[in-house]
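First the structure, in the form of structure tokens, and then the observations on it.
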Amino acid sequence: MSSGELNQRQKEAVETLEGPLLILAGAGAGKTKTITHRILNLIKSGIQPSKILAITFTNKAAKEMRERVFDLIEKDKSLNIPISFAERPFVSTFHSLGVHIIKENASLLGITRHFTIYDRGDSKRAVKDALEQIGLDPKQHDPGAILNAISREKGDGVTFSAYRGKSSKEFFTKIVSQVWEKYEATLLKEKSLDFDDLLLKTVVLLENNESVREHYQKVWEYIHVDEYQDTNQVQYKMVRLLGGHNNVCVVGDGDQNIYSFRGASVKNILDFEKDFQNAKVITLEENYRSTQTILTAANNVIKKNVMRREKNLYTKNAEGEKIELLISYIEQEEARMVADEARKKIDSGTNPRDIAVLYRANFQSRVLEEAFLNKNIPYQVLGVKFFERREIKDVLSFIKASLNRDSTNDLVRIVNVPPRGIGKATILKVITGQENTLGPALKNKVATFLNLLERIKGVALKETPSQLIKYIIRESGMENIYKNGTSEEQEKLENLRELVSVATQYDSLPTNEAIEKLLENAALATDQDELEKDNNAVRLMTVHASKGLEFDYVFIVGLEEDLFPHQRLGKEEISMSESEEERRLFYVALTRARKKVFLSYAQLRTIYGAQKVNAPSSFISDIGDEHITSVGDVEAPRGIKAIFIDF
């Protein structure tokens, strides 16, 4: 591929080789092509390949960029020089780059080159041990929440010593500080680093050691950073520290900043010209992916955001079909309409893999899966299927264990959900009738647990499935744990509430039959063979999971106020920054489509067993009526506030 195939703005970026450069690349505007050709042009201009660094976020993106760069180098006949592996540009993720630098300087950090990298499970166990060391009960103080707090601080570039130096009277902050100290001691003792340390330790090393910093500034004189809008504070610092020669080229799109919950800051791309003096800015607005209709819709939506740089996507592609709005009465009808449209596309010759259904929250996949199964449409859920989610399986295990005490797997699964301090060996003694061999404290814990199962059994034999599941969520302690937990744990509670909605479908059956049918259908769903990534199947996924992907046809479902844009459980309203991120998320969803977008919403949606009347998402009206055609027999309830119809 020659530079003659680049458009004018891409060519300008490829030929700008010195000084700081910001490439604002809209969705589908060929950013990877631009970066890889710029790297090739640097080499052709005489820059030693090994002096070029390119950083991205995911292994998949790094692999693709590496292959494309190496392919361009090998195929360019004008170079006429052998490029050995050692002389090639260094293309890496942020974390892999951190590992590389840390290994080369392990002795300065008091660790071995062969240090262990903790995964989240390792870190959680170490935090649990730290809680016990300072005399606190891990059942009362969630190790996961404390680990998340430590991780967020590290992502913001805060070391333990800096965190400890902050004066705070908050009880939680004091606990985090005490636990963090023990956690760091464990990591040091075991010559280990956690995932966040791979970035933080690298930044601290570069900040505090001038010779190390100067060494790497000389090693990599030309730096490229992909998806710059997704950088958090510590990644931002790493780029600044390595970019000593000021030859820093960053590529990104502030309109696709959707990871603030991971610490990503849109300010990093907005403030690039302040951070790097005399920076050149080039905007790539020509889109090679979508129809003009899709791009006009995306432009109309995103222009309402205030915190952004102005750009307007356009294409030389066809105008394309109007966006189709599917209006349904309830979520089951919504799922059926989506499945019907997908079936039509497949029957007309579209490969299932070229169709995606995007939703805001994981729990929405459940009704869609049912509809696709009914229509015999192959599908793949990116992420865990509804009935395979841990919290869902936990609740179902409570039912099964209460009705069948011989179900060892279910007893072992839920004996510490939430944590009760009962080991697997103890529960096995109970199962085998050796309860008398236990000490008084353990006997008491076991008795409390078995009493809970007896109570669940009593409810199971006389109440409806939805009432039973509500009872388990509440009485097991899961509701309290997840309600006050992290955003990840709150999502678990949303999934549990969706399980209540699922159960209402069985409430009209005779009690015993209802529970059996629910458990049977759940088991059949989990027994579905795991769909391989290369299967020719419709993709079902959250909008977050869709970033970087593209499809011919995209369905964006659940477009209702409080669902998309999403509002966290228990929050009165979302802030301006949260509102803008929700709009960016919708923009990302729209721009995944090549040929056509379908939008859908349901006027009534069952959440936690209660039907909620929904106003359609404001995002729909942002697009503009002239770009939308509606399908559905019911009239949109415009301007209606959310109403809960409880039972």
Side-chain angles (χ1 to χ4, degrees), residues 20-25 31-32 35 52-63 65-66 89-105 109 117 120 148-159 162-163 193-209 212-213 216-217 219-220 222-254 256-276 279 544 547-548 581 584:
L21 173 64
L22 168 61
I23 303 173
L24 290 172
K31 68 181 177 63
T32 305
I35 297 175
I52 300 169
L53 171 67
I55 319 169
T56 188
F57 277 82
T58 67
N59 290 328
K60 179 178 176 290
K63 181 174 181 286
M65 188 179 293
R66 193 179 299 117
F90 193 100
V91 183
S92 164
T93 64
F94 273 101
H95 288 91
S96 295
L97 177 61
V99 170
H100 176 81
I101 293 173
I102 290 168
K103 281 189 173 181
E104 290 193 338
N105 299 275
L109 294 168
I117 300 173
R120 184 169 173 85
N148 285 341
I150 294 171
S151 178
R152 186 60 182 259
E153 292 293 332
K154 287 184 176 183
D156 286 342
V158 178
T159 62
Y163 185 81
L193 299 178
D194 66 19
F195 209 58
D196 299 302
D197 285 332
L198 301 180
L199 302 181
L200 182 59
K201 297 287 186 187
T202 302
V203 164
V204 171
L205 179 69
L206 294 171
E207 277 182 330
N208 297 341
N209 194 310
V212 172
R213 181 170 68 252
Y216 288 109
Q217 288 175 351
V219 170
W220 298 305
Y222 294 84
I223 297 173
H224 301 75
V225 186
D226 192 17
E227 304 286 9
Y228 192 65
Q229 79 280 350
D230 290 337
T231 51
N232 63 13
Q233 188 63 20
V234 76
Q235 289 160 336
Y236 163 81
K237 284 184 178 180
M238 189 186 292
V239 174
R240 294 295 307 274
L241 290 163
L242 290 172
H245 291 275
N246 237 22
N247 293 319
V248 177
C249 168
V250 304
V251 187
D253 180 5
Q256 295 188 68
N257 170 259
I258 58 172
Y259 293 117
S260 65
F261 64 93
R262 293 181 191 166
S265 174
V266 73
K267 277 182 85 277
N268 293 347
I269 199 165
L270 295 177
D271 292 348
F272 184 81
E273 290 160 283
K274 293 179 187 174
D275 297 331
F276 294 91
H544 281 102
K547 191 164 177 287
E581 181 149 344
R584 291 195 293 269

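For this chain, numbers begin at 1 and follow the sequence in order. All values below were derived from every heavy atom in this structure, side-chain atoms included, with hydrogens, water molecules and symmetry-related copies excluded. Just so it is clear, the structure is predicted and the values come from calculations on it, not from any experiment.
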> Could you state the interatomic distance from CZ (F94) to CG (N232), rounded to the nearest 0.5 Å?
Replying inline: 8.0 Å
> Is any side-chain heavy atom of V99 closer than 4.5 Å to a side-chain heavy atom of I117?
Replying inline: yes
>> If we ignore hydrogens and angles and just use 3.5 Å, is the side chain of H245 paired with the main-chain N or O of Y222 as donor and acceptor?
In response: no
> Taking D156 for the side chain and V158 for the main chain, is one N or O donor matched with an acceptor at less than 3.5 Å?
Replying inline: no
> Any idea which heavy atoms bring V251 and Q229 closest together, and the distance?
Replying inline: O-OE1, 4.5 Å
> Just checking, any donor-acceptor pair under 3.5 angstrom between side chains of Y216 and E104?
Replying inline: yes
> What's the shortest heavy-atom distance between G252 and I269, and which atoms?
Replying inline: C-CD1, 3.6 Å
>> I need the minimum non-hydrogen distance between L199 and H95, along with the two atoms involved.
In response: CD1-NE2, 3.6 Å
>> Using a 3.5 Å distance criterion without hydrogens, assess whether the side chain of N209 forms a donor-acceptor pair with backbone atoms of L205.
In response: no
>> Would you call the rings of F272 and Y228 parallel, tilted or perpendicular, taking 30° and 60° as the class edges?
In response: perpendicular
>> Walk me through whether F276 and N246 qualify under side chain to side chain contact (heavy atoms under 4.5 Å, CB included).
In response: CA-CA 7 Å; F276 294 91; N246 237 22; 3.4 Å; yes
>> Treating N257 as the side-chain partner and G254 as the backbone partner, does any N or O pair qualify as donor plus acceptor under 3.5 Å?
In response: no
> Do any N or O atoms from the side chain of E273 and from the backbone of A279 form a donor-acceptor pair under 3.5 angstrom?
Replying inline: no
>> Within this structure, what is the CD1-CE distance for the pair I101 and M238, rounded to the nearest 0.5 Å?
In response: 6.0 Å
> Looking just at side-chain N and O atoms, do Q235 and Q233 make a donor-acceptor pair shorter than 3.5 Å?
Replying inline: no
> Can you tell me how far CG of L109 sits from CG of L193, rounded to the nearest 0.5 angstrom?
Replying inline: 7.5 Å
> Is there a donor-acceptor pair closer than 3.5 Å between any side-chain N or O of R213 and the backbone N or O of N208?
Replying inline: no
>> For the CZ atom on F90, are there more than 12 heavy atoms of other groups (residues, nucleotides or ligands in this structure) within a distance under 6.0 Å?
In response: yes
> For the residue pair G98 and T202, what are the closest heavy atoms and their distance?
Replying inline: CA-OG1, 3.3 Å
>> Testing the basics here: between T93 and A62, what is the closest heavy-atom pair and its distance to 0.1 Å?
In response: CG2-CB, 4.0 Å
> Step by step, would you call M65 with H224 a side chain to side chain contact (heavy atoms under 4.5 Å, CB included)?
Replying inline: CA-CA 11 Å; M65 188 179 293; H224 301 75; over 6 Å; no
> Which heavy-atom pair separates D196 from S151 by the least distance, and what is that distance?
Replying inline: OD2-OG, 2.8 Å
>> Nearest 0.5 angstrom please: K31 NZ to L24 CG, how far?
In response: 13.0 Å
>> Tell me whether K154 at atom NZ has more than 12 heavy atoms from other residues, nucleotides or ligands lying less than 6.0 Å away.
In response: yes
>> Within this structure, what is the OG1-NZ distance for the pair T231 and K237, rounded to the nearest 0.5 Å?
In response: 13.0 Å
> Are the side chains of K547 and Y259 in touch, meaning some heavy atoms are under 4.5 Å apart?
Replying inline: yes
>> With a 3.5 Å distance limit and no angle check, can you tell me whether D197 reaches the backbone of L200 through a side-chain donor-acceptor pair?
In response: no
>> Please report the interatomic distance CD1(I223) to CG(L21), rounded to the nearest 0.5 Å.
In response: 13.5 Å
>> Using only atom types and a distance under 3.5 Å, with no angle test, would you say the side chain of S92 pairs donor to acceptor with the backbone of L97?
In response: yes
> E581 side chain to S260 main-chain N or O, any donor-acceptor pair under 3.5 Å?
Replying inline: yes
>> Test: salt bridge (Lys or Arg N to Asp or Glu O under 4.0 Å). Region: residues 240-250. Which pairs qualify, not counting sequence neighbours?
In response: R240-D275
